[in-house]
Structure formats: structure tokens, C-alpha cells
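These notes concern the structure reproduced below.
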There are 2 protein chains.
Amino acid sequence: MSVAVTPSAKSPAPRDTQRIYSIAELAREFAVTPRTIRFYEDEGLIKPRRQGTQRLYSAGDRARLGWIRRGQRLGFKLAEIHELLDLYQVDRTGVQQLRELLRRSRSHVADLEAKRRDLDAQIAEFKEVEAQVEAELKQRGADPESD
Amino acid sequence: MSVAVTPSAKSPAPRDTQRIYSIAELAREFAVTPRTIRFYEDEGLIKPRRQGTQRLYSAGDRARLGWIRRGQRLGFKLAEIHELLDLYQVDRTGVQQLRELLRRSRSHVADLEAKRRDLDAQIAEFKEVEAQVEAELKQRGADPESD
DNA sequence: GTTAACGTTTACGTAAACGTCAATGTGGGT
DNA sequence: ACCCACATTGACGTTTACGTAAACGTTAAC
């Protein structure tokens, strides 16, 4: 099978595959500090190349960083994100390992779908609030769209 | 207008509206410890009645607790949840206040919808993993559904 | 040649959200 | 009268995810 080993939502322009990034550059792009990126490395989430003492980030590293950040936005702990990222790396040769991967993936998807139910419920509630407030403003002859 | 002041996703059986709950009872129901519930109170998120020194929780308190927990599952900080809960309580008499409420509500909904995009993207990725692993197992003549 | 902008490691500090005692009170059953 | 389950208020400890400062090296600009 041999699938992409590095996660990527939408391949980030195939010709930038060779680019390398400095820590400050990635920090800016993902709105974090260099400290944060080094911290992720301490936790084993990314392993950039080194040129002497300096870190050099590949397109793959960049993708992992994006993935980590998205995981965080979804409320996962770094340890959980670590495990999830590992799912892309695990040995897929044995049938038992494939089954285990399938099991974990399904379990995670179930988590995510539960989260989506929570999310949709909150969205519905606040849309309801909006509708009521808009109606009330209209009824008072005020334009809901002006500040 | 005068809408329900207490949030509730699906009114929790209208005749249990009078029930009162002990801290341990709510702790069990929401899978937290009493300590956690007291902590929420310290943070001003719930204000149960007291019978002497003991806390008595109403159906409204229970609903708030559920709301808090859902907010946490969605990755919001308690301080944010506090603000959001306040949106149900704020004075809706003035037009300016209605506008402000509308603004905040829309902003929050935008947050939630961004989160849903992240969520859907991750779900899609893992479903893709599942599909690939299932295909690989089938091709090897193994049943993906057996353990 | 020094200032500036970037990089490094080491180490201590911090905010959030509780956990974990300890000491104490209270109400019900036997 | 005694035990047990449950309640209370402090107060200190813990985990996670970094922030912040110190002390230092490297490259480029002026």
C-alpha cells in the first residue's frame, strides 16, 4: 500500500516540497512562539534536521506542525496528538497491526463525531439566540445589521 | 421577549423541574468529582442554594452543569464558558445591549464553525485511513470486522 | 567593530483545572 | 451510644503547555 507517511489536509503545493523553514518562519505562520515549537520537539512531536546547532524544518515538519495545531484547536492534549500522529507512522505490515490501527482509528472517529454532536448543538443554540435577538430588534424598528 | 433564562438543549422532562440534587448525585451523573463542582462554584459558574452549609442543586443548576461540561468538551476555558453563560442572562431591554448580544453570539458561532471545519477535516482524514486499512485487509483475505 | 536580528541551552515561573489530604460537621440506622 | 456515608472548608500538590529571563554563539549590515 505505502501511503503518504506525513499527514496533509491538502498537499501544500507540490513544488514547495523541497523548501526548508526556519523556526521563526514557522512560528509566524502558525502564530506561536519559537519556544512552543522547541517544546513540541522536547515532547517528541517533531524532529527537525540540524545544521550544526540550528534547526531546519522540512515541508513535512511544517505539515506536522499544522496537524498538531489543529489537534490542539480540537481540544486534544499533546500526548493524545502524539499518539494520533503515530498512527500514520506505525508498521502496517502485519494483519494484527492493521486491525489495531483500524480499531484505534474508528475509536478516534467516534470521539470526533461525539464532539461534532456537541458542536452542532451549541451552534444551534446560539443561532436560536441570534434569531430571537434579530426578531426583537426588527420588531423595535432597529436594523440588526448596523453597529 | 422573555426567553428561558437557563440554557437547556432538550428540556429535561418537565416534571423533574422541581427535583433537587445532591452534589454527589450530580457528580456521578456528569462523571466529575464533588471537588470539581465546588470549584465551578468558586469560579462563579453555578450558585446552588444552601440548606445550612449544604448545597442543594436545582434542575437549572443541573442544566448549567451540563452546559459547562459540554463547553469543556469543546475545548473552551472556564472563563470563556462563564462569559457564554452570561449571554443568556444579560439584560435584553436596551437596543444597544441587544446589538452587543447579537455581535457576541455571531462571533461565537463563527468560532464554532471554524472548529467544525477542523473537525470535519480530521474525520475525513481518519475515515480515509480506515478505508485504506480495510481495503488492505480485504486484499489479504482478512475480515476487517473480526478481532 | 559593534549593533541587530536571529539562533541556541538551561532553568525557573505561571495559569488553568482540578486532585488530595486533613480536620470537622451532620443525619440516619442499629 | 456508635458507626457510616455524606457533607463542609482550608490548604497544599499536580499536570499541561507553555512564558520569561539569563547567558551565550553566528551571520549580515552599517
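Residue numbers start from 1 in every chain, and the chains themselves are labelled A, B, ... in the order their sequence lines are given, proteins ahead of strands. Worth knowing before you read on, the calculation uses all heavy atoms, side chains too, and leaves out hydrogens, waters and symmetry mates.
- In this structure, the side chains of Phe30(B) and Ile37(B) stay at 4.5 Å or more apart for every pair of heavy atoms.
- Annotation: ring pair (Phe, Tyr, Trp, His ring centres under 6.0 Å) contacts of Tyr40(B) (sequence neighbours excluded): none.
- Listed by chain and residue number, nothing satisfies the side-chain contact (heavy atoms from CB on, under 4.5 Å) test with Ser107(B) (two or more places apart in sequence, or in another chain).
- Annotation: salt bridge (charged side-chain N to carboxylate O under 4.0 Å, His left out) contacts of Arg116(A) (sequence neighbours excluded): Asp120(B).
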Determine all donor-acceptor pairs shorter than 3.5 Å in which one atom belongs to a side chain in residues 45-55 of chain B; sequence neighbours excluded.
residue, atom, partner, partner atom, Å
Arg50(B), NH1, Thr53(B), O, 3.0
Arg50(B), NH2, Glu41(B), OE2, 3.2
Arg55(B), NE, Glu41(B), OE1, 2.6

Check residues 21-28 of chain A and write down every donor-acceptor pair under 3.5 Å in which the side-chain atom is one partner and the other belongs to a residue at least two apart or another chain.
residue, atom, partner, partner atom, Å
Ser22(A), OG, Glu25(A), N, 3.2
Glu25(A), OE1, Ser22(A), N, 3.2
Glu25(A), OE2, Arg19(A), NH2, 2.4

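- Scanning DNA chain C 5' to 3' for nucleotides with an atom closer than 4.0 angstrom to a non-hydrogen atom of chain B gives a first and last hit of dA17(C) to dT20(C).
- DNA chain C is contacted by Thr36(B), Phe39(B), Tyr40(B) of residues 36-51 of chain B, taking any non-hydrogen atom closer than 4.0 Å.
- By the side-chain contact (heavy atoms from CB on, under 4.5 Å) test, Val95(B) pairs with Leu137(A), Arg140(A), Ala142(A), Arg99(B), sequence neighbours left out.
- At a threshold of 4.5 Å between non-hydrogen side-chain atoms, the residues His108(A) and Leu112(A) count as touching.
- Contacts of residues 27-35 of chain B with DNA chain C (heavy atom under 4.0 Å): Thr33(B), Arg35(B).
- Both tests hold for Arg70(B) against Trp67(B): distance to the six-membered ring centre under 6.0 Å, angle to the ring axis within 45°.
- Salt-bridge check for Glu113(B) with Arg117(B): failed, with every basic side-chain N at 4.0 Å or more from each acidic carboxylate O.
- Listed in residue order, the members of residues 71-78 of chain B having a heavy atom less than 4.0 Å from DNA chain C are Gln72(B), Lys77(B), Leu78(B).
- Scored by the side-chain contact (heavy atoms from CB on, under 4.5 Å) test, Glu128(A) finds Gln132(A) as partners (sequence neighbours excluded).
- In this structure Arg35(B) satisfies the side-chain contact (heavy atoms from CB on, under 4.5 Å) test together with Thr33(B), Phe39(B), sequence neighbours excluded.
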